Amino acid sequence: MTASREIALKVEGLRGGPFGADVLKGVDLEVHHGEVVALMGPNGSGKSTLLHLLMGHPDYEITEGQVWVDGVDVTGATVEERSRAGLFAAFQYPTELPGVPLEDLIREALTARGRDAEDVSVDEMARQIGMDPALLTRGVNDDFSGGEKKRSEVVQMEILRPSIAILDEIDSGLDVDALAASSERIREIAGQGTGVLLITHYKLLLDHVPPTTVHIFVDGRIDRSGGPELAAELEEAGYK
Ligand SMILES: Nc1ncnc2c1ncn2[C@@H]1O[C@H](COP(=O)(O)OP(=O)(O)O)[C@@H](O)[C@H]1O
Ligand SMILES: [Mg+2]
């Protein structure tokens, strides 16, 4: 067994929610390195809550269960420790940080992960995904359009090369060309060994970035799991 098939993210019996609310009711999940796993489910089923709990959002509390990144228990870790452990999150509604240039954020994150920030061509990576490099000098997400925010998240992910990337509705607000370009980058980074958890409502993203497993989330837990055919079935029949 090669290192690239080891487990990047493992979640066991996870419960919790905003201020400890019982939104997640026992979630078990595994994503291997180089693997794309999709998480689908109706609005309000707790998908974004899962991401906030995994990332250690200060308003969210894990009441039960455990989370490991590359075998390291990060259940009680700070956001920074999780990030250093190799966890990366693109939130459904990315935070705006006016006054913090995006390029500074990226270089700091690289240094925190022990990488030489000077060796990375941030401009080039931005261009590849069709993002105007001029955005790098602006405040993070400050007055970015919806699509620009999503592209900026993909660029950050690509530069950081995390162990596990969780992307919450990365396809929302992207036009057809931007979706294709972002999908290509996501496939590429999975090909380089990052485990990817895609939270989405739409099969279209999964046509571009084929998952090995699709989980359907209902009322705070995984209700059904299957292959990509599950996404097709959903599109036909809806969540009912
Ligand atoms: N402070 C809170 N206390 C209790 N429940 C909350 C709180 N904030 C959000 N929720 C509920 O958590 C549920 C899951 O929301 P969310 O994770 O955003 O779902 P999804 O991303 O799947 O659409 C929703 O029913 C929402 O109303
Ligand atoms: Mg959501």
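Fair warning: this is a prediction, and the values are worked out from it, not measured in the lab. Ligands are counted one by one from 1 in listed order, and the atoms in each one are counted from 1 as well.
The protein atom (non-hydrogen) at minimum distance from atom 14 (C) of ligand 1 is Gly44 O, 3.4 Å. Of all protein heavy atoms, the one closest to atom 2 (C) of ligand 1 is Pro18 CG, 3.4 Å. For atom 17 (O) of ligand 1, the closest heavy atom belonging to the protein is Thr49 OG1, 2.6 Å.
For the pairing with Pro18, the side chain to side chain contact (heavy atoms under 4.5 Å, CB included) check across Thr49, Leu53, Asp59 returns one residue only, Thr49.
The residues Arg138 and Asp143 are annotated as not salt-bridged, no charged nitrogen and carboxylate oxygen being separated by less than 4.0 angstrom. Salt bridge status for Lys47 with Glu169: absent, with no side-chain N to carboxylate O gap under 4.0 Å.
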Could you walk me through whether Arg151 and Glu148 satisfy the salt bridge (charged side-chain N to carboxylate O under 4.0 Å, His left out) test, starting with their C-alpha distance in whole Å, then the side-chain angles of each, then the deciding distance to 0.1 Å, before giving a yes or no?
CA-CA 5 Å; Arg151 276 191 252 215; Glu148 284 168 348; over 6 Å; no
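Among the backbone and side-chain atoms of Asn43, no N/O/S atom is found under 2.8 Å from the Mg ion (ligand 2). Using a cut-off of 2.8 Å, one finds that Ser48 contributes an N/O/S atom close to the Mg ion (ligand 2).
Taking a cut-off of under 4.0 Å to the non-hydrogen atoms of Pro42, the atoms of ligand 1 that pass are 22 (O).
Distances from atom 26 (C) of ligand 1 to the protein include no heavy-atom value under 4.0 Å.
Relative ring orientation between His201 and Tyr239 is described as perpendicular, the plane-to-plane angle rising above 60° on a 0-90° scale split at 30° and 60°.
Taking a 4.0 Å cut-off on heavy atoms, Ser45 registers as neighbouring ligand 1. Residue Gly46 places a heavy atom under 4.0 Å from ligand 1.
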